[in-house]
2 protein chains.
Amino acid sequence: MRSYGQYCALAKALDVVGDRWTLLIIRELLLRGPSRYTDLRNGLPGIATNLLADRLRELERAEIVAREDAPPPVASTLFRLTPRGEGLRPVLDELGRWGVPYMTEGPAPRDEFRSRWLAWPAEAFLVDGEPAQPPVAIEVRAGDDEPMVIETRAGSVESHPGRAGHPDAVLTGTPHAILGLLSGRFDLARARALGLEYEGDPRVLRRFRHGAPADTAKAAAGTSASR
Amino acid sequence: MRSYGQYCALAKALDVVGDRWTLLIIRELLLRGPSRYTDLRNGLPGIATNLLADRLRELERAEIVAREDAPPPVASTLFRLTPRGEGLRPVLDELGRWGVPYMTEGPAPRDEFRSRWLAWPAEAFLVDGEPAQPPVAIEVRAGDDEPMVIETRAGSVESHPGRAGHPDAVLTGTPHAILGLLSGRFDLARARALGLEYEGDPRVLRRFRHGAPADTAKAAAGTSASR
DNA sequence: CCGCATCCGGGGCGATACTG
DNA sequence: CAGTATCGCCCCGGATGCGG
């Protein structure tokens, strides 16, 4: 991207990650860990393939992304974030938090959705409301044939793709209904009215509460400037 | 801007503020408060005037910026941030913090600089290292004829344009030397070797230390999603 | 199939000139 | 002072091709 030509930390940051699609590519790499080109493309509906290749090259030059050749069993190229790239997590957290109000009305007519995107709000915004109780796991099916597991883990909430062995609850429905229910904007009755199917004990939902975001990453991100 | 078409809070946020120059316009409004068009243009060297007008219109539609006609004495149009726009402060804080390493090598050959940009790193990254002592004020002259005052205030650090009545120290030099000295990367000898002139008691510098950023704005920014 | 490269049309952006 | 008008360019989007 063309530089803003301003001696300002914000402008310098935008010189590097201000291009279109760049921060969304970082999002995918944060959500998925080391990823193949094709998987990135799949998690970024709407991106042109040449643009993805261009951005990955630029991010590699900026030492935000590293390319590694996976070991023989897979024998494919993997893209992963460097520590500098991981340092963008607090930026995406804050920007995503600011964008939450734009989600409450539900998706626009042509909006795409990927279940993996649920992992970010779950881990960034939810905490285990009853840490002393045994852990629970819920399975979420949001329509793209890739179920997600959201579970309490030592007081916090974690999420990963896949099926749960013995889920305490299973949620099936639109992203809008699922997000509304988990965020506490909808109660179960309201979510059901929006088409959500809920199997399991409703009390499981009480385990997932809003909490202060995990700020541990923030303190670590400011170290490079202190001598 | 063209929408990413993804039902994801981060993508929705970038739909609104992801355009080129937009976040830098927010920076200026955060630094200056309500501003006239010409002052914004001056704080954004390199922007095309039609782009500034376009962005201000879009930001007004998005209810991030409000336009108000100033009272008779000035009789000019003012642009100011709405609460929604103010909510972007944590985003800029994190992005700027991430961009700090790109500042340590000094400005690029054609980089522009404005003294007001010093206010952000001063207030976001510095704290008063000796809050029990009487307050101090330093005056900084970074070459654009608009001196800044940086002072301790009840344990924290504040900054505003103008001259100090009785400054405890006066710093004159390049932005690179001043930033390096205040951030602790350079000691006074090193900063002087880079051309910085320092008048006053060097011990005043010890009052300005790195500290945890003021996180009060963060807690307030996440309220709209909790019922 | 994976990881791109090439080509092309359209629009966002940059620079300058001009105006109420 | 606060913009609008104009014009060229390059970034972006979409499609297709292609070597490993």
Side-chain angles (χ1 to χ4, degrees), chain A residues 1-6 11 14-25 28-29 32 34-62 65-80 110-112, chain B residues 1-6 11 14-25 28-29 32 34-62 65-80 110-112:
Chain A
M1 117 174 304
R2 182 197 184 99
S3 169
Y4 285 106
Q6 298 184 357
L14 289 171
D15 281 349
V16 181
V17 297
D19 255 322
R20 192 162 163 79
W21 288 106
T22 299
L23 286 179
L24 294 183
I25 293 171
E28 284 302 304
L29 288 168
R32 294 170 177 263
S35 310
R36 297 181 305 173
Y37 183 91
T38 307
D39 293 331
L40 287 177
R41 196 178 181 336
N42 220 280
L44 293 161
I47 197 174
T49 174
N50 57 345
L51 266 191
L52 178 54
D54 283 353
R55 293 293 181 268
L56 286 171
R57 244 191 315 267
E58 294 162 10
L59 289 171
E60 204 183 345
R61 277 199 49 198
V65 162
R67 179 186 311 243
E68 64 185 38
D69 292 325
V74 272
S76 177
T77 313
L78 290 183
F79 299 89
R80 63 174 182 79
R110 313 207 142 240
D111 272 0
E112 297 267 359
Chain B
M1 119 173 304
R2 182 198 182 102
S3 170
Y4 285 106
Q6 298 184 357
L14 290 171
D15 281 349
V16 181
V17 296
D19 255 322
R20 192 163 162 79
W21 288 105
T22 299
L23 287 179
L24 294 183
I25 293 171
E28 285 302 305
L29 288 168
R32 294 170 177 264
S35 309
R36 295 181 304 173
Y37 184 92
T38 307
D39 293 331
L40 288 177
R41 195 176 182 335
N42 222 282
L44 292 163
I47 197 172
T49 174
N50 57 344
L51 268 191
L52 178 54
D54 284 354
R55 293 292 181 269
L56 287 172
R57 247 191 310 267
E58 294 162 10
L59 289 171
E60 203 183 345
R61 277 198 48 197
V65 163
R67 179 187 310 244
E68 63 184 38
D69 292 325
V74 271
S76 176
T77 312
L78 290 183
F79 298 90
R80 61 175 184 80
R110 313 205 143 241
D111 272 0
E112 297 267 359

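Letters go in sequence order (proteins before strands), and every chain restarts at 1. This one's a predicted model, so the numbers in the text were calculated from it and none came from an experiment.
- Counting to the nearest Å, the C1' atom of C:dC4 and the CD atom of A:Glu60 are 13 Å from each other.
- In terms of position along DNA chain C, the nucleotide closest to A:Leu56 lies nearer the 5' end than the nucleotide closest to the other residue of the pair A:Leu56 and B:Ile47.
- Atom CD1 of B:Ile25 and atom C1' of D:dA2 are 15 Å apart (whole Å).
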Worksheet item: Checking side-chain contact (heavy atoms from CB on, under 4.5 Å) for the pair A:Thr49/A:Arg41: CA distance, chi angles, key distance, verdict?
Response: CA-CA 7 Å; A:Thr49 174; A:Arg41 196 178 181 336; 3.7 Å; yes
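- Note on B:Trp21: a side-chain N or O is less than 4.0 Å away from OP1 or OP2 of C:dG14.
- The side chain of B:Arg41 places no N or O atom within less than 4.0 Å of a non-bridging phosphate oxygen (OP1 or OP2) of D:dC1.
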Practice prompt. For the pair B:Leu24 and A:Gln6, evaluate side-chain contact (heavy atoms from CB on, under 4.5 Å) and give the outcome as yes or no after the intermediate values.
Written response: CA-CA 10 Å; B:Leu24 294 183; A:Gln6 298 184 357; 4.0 Å; yes
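- Ranking D:dA15, C:dG3, D:dC1 by closeness to the B:Ser76 side chain, first place goes to D:dC1.
- Atoms CG (A:Leu59) and P (C:dC4) sit 13 Å apart, rounded to a whole Å.
- Candidate nucleotides C:dG14, C:dA5, C:dG3 were compared by shortest atom distance to the side chain of A:Arg57, and C:dA5 ranks first.
- In terms of modelled atom types and a separation under 3.5 Å, the side chain of B:Tyr37 and the main chain of B:Phe79 share no donor-acceptor contact.
- Mapping B:Thr38 and A:Gly46 onto DNA chain D via the closest heavy atom, the residue that lands nearer the 5' end is B:Thr38.
- The nearest whole Å value for the distance from the CZ atom in A:Arg36 to the C1' atom in C:dC4 is 15 Å.
- When the nucleotides C:dG3, C:dG14, C:dC4 are ranked by their closest atom to the side chain of A:Ala53, C:dC4 comes out on top.
- Summary of the strand contacts: B:Asp54 and B:Tyr4 both lie near DNA chain D, and taking for each the nucleotide with the nearest heavy atom, the more 5' one is attributed to B:Asp54.
- In this structure, B:Arg2 atom CZ and D:dG13 atom P are separated by 6 Å, rounded to whole Å.
- In this model, the phosphate group of C:dA5 is not approached by any side-chain N or O of A:Thr49 to a distance below 4.0 Å at OP1 or OP2.
- Considering only the side chain of A:Leu51, D:dC12 comes nearest among C:dC2, D:dC12, C:dC13.
- The CZ-P distance, from B:Arg110 to C:dG14, rounds to 17 Å in whole Å.
- If you measure from atom CG of B:Asp15 to atom P of C:dG12, you get 14 Å, rounded to the nearest angstrom.
- Both cation-pi conditions hold for B:Arg20 and A:Tyr4: the charged atom is under 6.0 angstrom from the six-membered ring centre and inside a 45 degree cone around its axis.
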Worksheet item: So B:Asp19 and B:Arg55, side-chain contact (heavy atoms from CB on, under 4.5 Å) or not? Walk me through it.
Response: CA-CA 9 Å; B:Asp19 255 322; B:Arg55 293 292 181 269; 3.8 Å; yes
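- Between D:dA5, D:dG3, C:dC13, one nucleotide has an atom nearer to the side chain of B:Arg55 than all others, and that is C:dC13.
- Between B:Arg20 and D:dC10 there is no side-chain polar atom (N or O) within less than 4.0 angstrom of OP1 or OP2.
- Counting only heavy atoms from C-beta outward, the side chains of B:Asp39 and B:Arg32 approach each other to under 4.5 Å.
- Listed nucleotides D:dA5, D:dG13, D:dC1 differ in distance to B:Asn50; the shortest reach to its side chain belongs to D:dA5.
- Residue side chain B:Asp19 does not reach the base of C:dG12 through any donor-acceptor N/O pair under 3.5 Å, judged by distance alone.
- Judged by closest nucleotide on DNA chain C, B:Met1 is the one of B:Met1 and B:Ala48 placed further toward the 5' end.
- Distance OH (A:Tyr37) to C1' (D:dG20): 15 Å, rounded to an integer number of Å.
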